[in-house]
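Here's the structure we're looking at; comments come further down.
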Amino acid sequence: MGQQAEAKWWSKDTVAVVTGANKGIGFEIVRQLAKEGITVVLTARDATRGAEAIESLKKQGFQNVNFHTLDVGSQESIDALAEWLRTTYGGIDILINNAGILDDSNGVNLEIAKSVLATNYFAVKNVTKTLLPLLRDDTPGGARVIVVASRLGQLKGLPNKDYVTTLSDREHITEDFVDSFVNKYLEDVANGNHNKGDWPDLTKLGWEAPVETYAVSKIAVIAYVSALHNTLVARHEGEKKINVFSSCPGHVRTDLAPNGIKTVEEGADTPVWLALHSPKEGLGKLYGERTILDF
Ligand code: NAP
């Protein structure tokens, strides 16, 4: 944030959209943004769970929250949200891609790998691409896109050094390369080659649960954020400014991580801070505890 006091640029006319926000970290991100007086669109794939979440926020005194369904895995659902946002607000200032799943409970298999990568990687791209045109030109300091990633996506967990070299080359990484990385993983899972030394074996880093597919999905979104930043700089320098960041919330106690040690308030802190303060030195990078982390 720097030493100088920063002007508060946001108001009730600022519009933020949060995915997977009926519970956990996403719900808390909505609450913290609403507390700032921002108009927040809480989205959830299940209308009943979404309505209950809105009800609970209204009971806490927040009237500046609104609901729309969004299943991030359905392009039809993403398009419907985009159309509703266009007619309701004209545009948005902040997008927080938070929805995510962790399902490696039965080890790695193709069905689970496809579903985890569909939600944690391909859906993040689809939601972002579809909502990008709605991000406003005149958001002070630039509109913001935040992706909730994870330290499990840091490259120290990836044994294949060729991948590490290309993925860590922030300035040249492309979306096509990240797609090919993810598709190769899926191909290796399909052929039974995923445990031959190329892909994360997090048990070697002290993780008890076999969370390889989840780690691949988070590596991919962190790299995607860098690639998107590069694309936006190349395409829109001087025109439309959009700041993108990835963020690890830490090990947070939620349904996804029942043994987590942080509270949701702590977990939501950095994504919310990035959305509000958009630190220029960190564009396209991974943050945790309001600090740039190694990828
Ligand atoms: P959570 O409590 O399980 O919440 C996940 C949210 O994502 C739920 O609202 C869930 O909706 C939603 N979701 C899943 N699939 C969806 C879909 N297809 N469309 C729309 N929404 C969908 O987990 P959490 O811990 O808050 O996780 C939030 C994010 O933080 C995830 O991206 C996760 O990977 C990341 N993260 C968490 C931790 C941690 O320690 N908790 C650490 C690092 C990163 P339903 O209720 O309908 O299932």
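Counting convention: from 1, in listed order, for ligands and their atoms alike.
Contacts between K218 and ligand 1, counted as non-hydrogen atom pairs separated by less than 4.0 Å, involve the side chain only. Under 4.0 angstrom from ligand 1, the non-hydrogen atoms of R49 all belong to its side chain. Of the heavy atoms in A123, none comes closer than 4.0 Å to ligand 1.
When hydrogens are left out, the protein atom nearest atom 17 (C) of ligand 1 is V72 CG2, 3.5 Å; that is the closest non-hydrogen contact. Among protein heavy atoms, the minimum distance from atom 23 (O) of ligand 1 is reached at L256 CB, 3.3 Å. Of the protein's non-hydrogen atoms, G100 O, 3.7 Å is the one closest to atom 5 (C) of ligand 1. Scanning all protein heavy atoms for the shortest distance to atom 44 (C) of ligand 1 gives A149 O, 3.0 Å. Protein heavy atom nearest atom 1 (P) of ligand 1, with residue, atom name and distance: K23 CE, 3.9 Å. Closest to atom 14 (C) of ligand 1, if we only count protein heavy atoms, is R45 NH2, 3.5 Å. Residue, atom and distance of the protein heavy atom nearest to atom 46 (O) of ligand 1 are N22 ND2, 2.9 Å. In terms of protein heavy atoms, atom 6 (C) of ligand 1 is closest to G20 O, 3.5 Å.
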Verdict with supporting geometry, L131 and L135, side chain to side chain contact (heavy atoms under 4.5 Å, CB included): CA-CA 7 Å; L131 299 192; L135 288 167; 5.8 Å; no

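By the 6.0 Å contact criterion, CG on D294 is open, its count of non-hydrogen atoms from other residues, nucleotides or ligands being 12 or less. The environment of NZ in K35 is sparse: at most 12 heavy-atom neighbours from other residues, nucleotides or ligands sit within 6.0 Å. Atom NZ of K129 is surrounded by more than 12 heavy atoms from other residues, nucleotides or ligands within 6.0 Å. Atom NZ of K59 sits in a sparse spot, with 12 or fewer heavy atoms from other residues, nucleotides or ligands closer than 6.0 Å.
The closest heavy-atom contact to atom 38 (C) of ligand 1, among the options A268, G288, S150, G250, comes from G250. With distances taken over non-hydrogen atoms, the option nearest atom 30 (O) of ligand 1 out of T43, V18, D71, V148 is V148. The option from A99, P271, G267, S77 that lies nearest to atom 13 (N) of ligand 1, judged by heavy atoms, is A99. Among V252, V116, T254, the residue whose heavy atom lies closest to atom 40 (O) of ligand 1 is V252.
Residue contacts with ligand 1: L70 is included, with a non-hydrogen atom under 4.0 Å away. Look at P249 and you'll find a heavy atom under 4.0 Å from some atom of ligand 1. Within the 4.0 Å heavy-atom shell around ligand 1 one does not find F27. Remark: distances from the non-hydrogen atoms of T19 to ligand 1 are all 4.0 Å or more.
Side-chain atoms of N243 never come within 3.5 Å of backbone atoms of L283 as a donor-acceptor pair (strictly under, hydrogens ignored). With hydrogens and angles disregarded, a donor-acceptor distance shorter than 3.5 Å links the side chain of T87 to the backbone of W84. Under the 3.5 Å distance criterion, the side-chain polar atoms of D71 are left unmatched by any main-chain donor or acceptor of R45. Between the side chain of R170 and the backbone N or O of S226, no donor-acceptor pair lies under 3.5 Å.
Interface atoms of ligand 1 facing A257, defined by a heavy-atom separation under 4.0 Å, are 39 (C), 40 (O), 41 (N). Applying the 4.0 Å criterion to heavy atoms of H251 picks out, from ligand 1, the atoms 40 (O). The I101 neighbourhood of ligand 1 comprises atoms 14 (C), 15 (N), with distances under 4.0 Å to a heavy atom of that residue.
Inclusion of N98 in the set of residues having an N or O under 3.5 Å from an N or O of ligand 1 is warranted. At under 3.5 Å, a nitrogen or oxygen of I25, whether backbone or side chain, sits near a nitrogen or oxygen of ligand 1. Between A44 and ligand 1, not a single N/O pair is under 3.5 Å apart. Considering both main-chain and side-chain atoms, Y214 comes within under 3.5 Å of ligand 1 through a nitrogen or oxygen pair.
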Tell me which donor-acceptor pairs under 3.5 Å the side chains of residues 46-57 have, and how far apart each pair is, sequence neighbours excluded?
unit_1 : atom_1 : unit_2 : atom_2 : d
D46    : OD1    : T48    : N      : 3.0
D46    : OD1    : R49    : N      : 2.8

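Closest non-hydrogen pair, R144 versus L276, comes out as NH1-O, 3.0 Å. Contact detail for S168 and L155: the closest heavy-atom pair is CB-CD1, 3.7 Å.
The line from CG of N183 to OH of Y121 is 8.0 Å long, rounded to the nearest 0.5 Å.
Aromatic ring pairs are classed by plane angle as parallel below 30°, tilted from 30° to 60° and perpendicular above 60°; the pair W199 and Y163 is tilted.
Pairs of residues two or more places apart, or lying in two chains, that qualify as side-chain hydrogen bond (donor to acceptor under 3.5 Å, both in side chains) and include a residue from residues 23-32 are K23-D255, E28-R31, E28-Q32.
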